[in-house]
Novice: 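Just dropping this structure here.
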Amino acid sequence: MSDIIQQFWRAFLWSDGYHFSGVAITLWLLAISIAFGFVVSIPLSVARVSKNKLLAWPVWLYTYVFRGTPLYVQLLLFYTGMYSLDVVRNHEMLNVFFRDGMNCTLLSFGLNTCAYTTEIFAGAIKATPYGEIEAARAYGMSRFTLYRRVIIPSALRRALPAYSNEVILMLHATTVAFTATVPDILKVARDANSATYDSFDAFGLAALLYLCITFVLVALFRRAERKLLAHLRPMNG
Amino acid sequence: MFLDGFGSLIMAGTWVTIELAVMSLLVAFVIGLLGAGGRVSTNPLVNAVATVYTTLIRGVPDLVLMLLIFYSLQIGLNKITEALHLSQIDLDPMVSGVLTLGFIYGAYFTETFRGAFLAVPKGQIEAGVAYGLSGWQVFSRIQFPQMMRFALPGISNNWQVMLKATALVSIIGLADVVKASIDAGKSSYRVFYFTVIAGLVYLALTSVSNLVLMWLERHYSTGVREAEL
């Protein structure tokens with residue numbers, strides 16, 4: 001164990017000497033894909049619950065396909081699949097974009113978590129108490145104001161427990177990134193494994209790091225829930 | 001020809017995926033029931049072991065655990081066979097895949113079943129005891145059927161996650177549908193096409209299991225009236 005720590009601690013945490021690696025890359029993957037998923041899923045979830053079938057149906061199809069297939073297959077499609085197409089290779093910008101494993105990984109992770117987040121937010125929007133909407137209408141709010149000031153803020157709060165779950169699942173899902181040559185924690189662990197043949201320690205160390213990140217995230221979300229969902233907390237005797 | 005002649009390869013891979021998912025489900029189901037028993041147990045030692053198991057396993061990514069268990073299992077086995085002067089036993093990827101997936105998802109099932117056991121009214125169990133049923137009879141005739149209704153949404157969720165997690169075992173060398181489609185794509189230079197095929201296979205599997213789970217949910221909700229809003 002101490003050999004691996006001595007030799008690989010820097011790579012496990014932030015750098016293999018040349019590039020960022022380990023925890024730094026894993027957190028970067030998580031932050032970018034979660035940020036993309038969050039921003040895009042809000043308009044998509046509004047479209048998903050829309051009465052207009054032309055708006056709702058494409059979003060339903062998107063979430064159905066991305067939630068019905070494994071992330072690993074999606075990553076393969078964007079990484080090896082896309083680059084095997086002549087159309088992509090002959091197009092200058094697409095060629096540059098899809099040649100880089102990091103870009104493909106971020107794209108597939110972003111689209112994947114966006115699909116799950118859209119469904120979570122759509123469920124929360126559907127659960128908006130009818131009285132809130134009635135009250136907003138009675139105040140003469142326009143549709144846009146109604147969404148911006150009443151529906152979205154209350155839906156996001158209600159979605160928080162499910163959303164925190166999704167963030168942690170996404171953290172766990174970032175582990176497939178190494179198949180696209182992205183040097184995340186698991187990639188470093190695999191390098192350590194092939195250098196020392198000490199599989200238990202190499203992967204055990206990675207597991208420990210992921211466990212720590214998970215616990216930190218859980219603690220952060222618990223604090224956020226206490227603050228943002230204070231009005232839903234049962235009163236103590 | 002069907003899928004450029006790679007049809008049989010893809011079919012075989014699909015079959016491996018289904019086999020793996022179903023067998024892991026069985027293992028996870030049994031571990032989940034045992035674990036839930038441990039989690040609601042009044043014995044502090046049993047309780048602590050079950051709690052540590054679910055917390056640790058659910059806090060670590062499944063792929064990391066898979067690699068950890070897969071490699072360590074073989075190395076551990078080698079050490080035992082070496083110590084006993086036996087020849088090396090190579091673990092079958094299918095067996096270790098099933099055991100690994102079952103062990104990991106057993107933790108998720110444990111939490112699902114624990115919640116469901118707690119949701120069965122206590123009076124039901126007391127009534128069973130009052131009728132003179134044995135402990136096993138109370139479990140199999142009263143607790144289990146009622147618990148299943150509460151557990152089904154969680155089970156459906158876990159099953160869908162596990163079905164998709166089987167894609168990861170191609171990384172540890174099992175010839176599932178993902179591995180088959182990668183191979184087919186490489187040898188025909190149509191990687192994109194065959195990756196889409198793999199995606200469609202998973203989409204079909206998740207869609208079918210959705211229908212089955214909906215039917216099961218109706219079955220176990222017999223006699224429960226839904227609240228009309």
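Chain naming here is simple, since letters A, B, ... match the order of the sequence lines and numbering starts at 1 in each.
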Novice: Given that the side chain runs from C-beta out, which part of Leu76(A) has a heavy atom under 4.5 Å from chain B: side chain, backbone, both or neither?
Specialist: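 Contact with chain B: backbone and side chain both.
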Novice: Answer with side chain, backbone, both or neither: which region of Val196(B) has an atom nearer than 4.5 Å to a non-hydrogen atom of chain A?
Specialist: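 Both backbone and side chain of Val196(B) come within 4.5 Å of chain A.
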Novice: If you tally heavy-atom pairs under 4.5 Å against chain A, which of Asn210(B), Leu65(B), Ile75(B), Ile171(B) wins?
Specialist: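 Max contact count across the listed options: Ile171(B).
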Novice: Is there a side-chain contact between Phe192(B) and Thr80(A) in this structure, where contact means two heavy atoms from C-beta onward sitting under 4.5 Å apart?
Specialist: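 No, side chains not in contact.
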Novice: Distance check, rounded to the nearest 0.5 Å: Thr195(B) atom OG1 versus Met82(A) atom CE?
Specialist: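 Answer for the OG1-CE pair, Thr195(B) versus Met82(A), is 10.5 Å.
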Novice: Evaluate whether atom NZ of Lys164(B) has more than 12 neighbouring non-hydrogen atoms of other residues, nucleotides or ligands under 6.0 angstrom away.
Specialist: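 Yes.
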Novice: With the side chain counted from C-beta on, respond yes when Leu63(B) and Tyr72(A) share a heavy-atom pair under 4.5 Å apart, and no when they do not.
Specialist: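 A side-chain contact is absent here, since even the closest heavy-atom pair is not under 4.5 Å.
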Novice: Using non-hydrogen atoms only, which part of Phe215(A) is less than 4.5 Å away from chain B: side chain, backbone, both, or neither?
Specialist: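 Contact with chain B: side chain only.
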Novice: Please classify the contact of Phe78(A) with chain B as side chain, backbone, both or neither, using a heavy-atom distance under 4.5 Å.
Specialist: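 Neither part; nothing is under 4.5 Å.
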Novice: May I ask you to name which of Leu205(B), Thr55(B), Ile69(B), Val64(B) has the most heavy-atom pairs under 4.5 Å with chain A?
Specialist: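 The option with the most such pairs is Val64(B).
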Novice: Please look at Val65(A) and chain B and tell me whether the side chain, the backbone, both or neither of the residue comes under 4.5 angstrom of a heavy atom of that chain.
Specialist: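 Contact with chain B involves both backbone and side-chain atoms of Val65(A).
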Novice: Can you tell me how far the CZ atom of Arg58(B) sits from the CG atom of Leu211(A), to the nearest 0.5 Å?
Specialist: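 Arg58(B) CZ to Leu211(A) CG: 11.5 Å, rounded to 0.5 Å.
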Novice: Heavy-atom distances under 4.5 Å only: say whether Leu67(B) touches chain A with side chain, backbone, both or neither.
Specialist: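 For Leu67(B), the contact with chain A is made by backbone and side chain together.
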Novice: Could you tell me which portion of Leu56(B) (side chain, backbone, both or neither) has an atom closer than 4.5 angstrom to a non-hydrogen atom of chain A?
Specialist: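 When you check distances to chain A, atoms from both the backbone and side chain of Leu56(B) fall under 4.5 Å.
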Novice: Can the ring centres of Tyr71(B) and Phe200(A) be said to be less than 6.0 Å apart?
Specialist: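 Tyr71(B) vs Phe200(A): aromatic centres not under 6.0 Å.
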Novice: With a 4.5 Å cut-off on heavy-atom pairs, point out which of Ser181(B), Ala198(B), Gly199(B) contacts chain A the most.
Specialist: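 Most heavy-atom pairs under 4.5 Å with chain A: Gly199(B).
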Novice: If you count heavy-atom pairs within less than 4.5 Å of chain B, which of Thr174(A), Ile185(A), Val73(A) leads?
Specialist: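 The candidate making the most pairs under 4.5 Å is Val73(A).
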Novice: Chain A: which of Asp62(B), Leu68(B), Thr206(B) shares the most heavy-atom pairs with it under 4.5 Å?
Specialist: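 Heavy-atom pairs under 4.5 Å are most numerous for Leu68(B).
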Novice: So, Tyr64(A) versus Ser207(B): side-chain donor-acceptor pair below 3.5 Å or not?
Specialist: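 Distance-only check passes for Tyr64(A) and Ser207(B).
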Novice: Under a 4.5 Å heavy-atom cut-off, does chain B meet the side chain of Thr179(A), its backbone, both or neither?
Specialist: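 Looking at Thr179(A), just its side chain touches chain B.
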Novice: Flag the pair Phe194(B) / Leu77(A) as yes when at least one side-chain heavy-atom distance between them is below 4.5 Å, and no otherwise.
Specialist: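 No - every pair of side-chain heavy atoms lies 4.5 Å or more apart.
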Novice: What part of Ser170(B) gets within 4.5 angstrom of chain A, counting heavy atoms only: side chain, backbone, both, or neither?
Specialist: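 For Ser170(B), side-chain heavy atoms alone lie under 4.5 Å from chain A.
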Novice: How many angstroms lie between CG in Leu168(B) and OG1 in Thr175(A), if you round to the nearest 0.5 Å?
Specialist: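 With rounding to 0.5 Å, CG (Leu168(B)) is 6.5 Å from OG1 (Thr175(A)).
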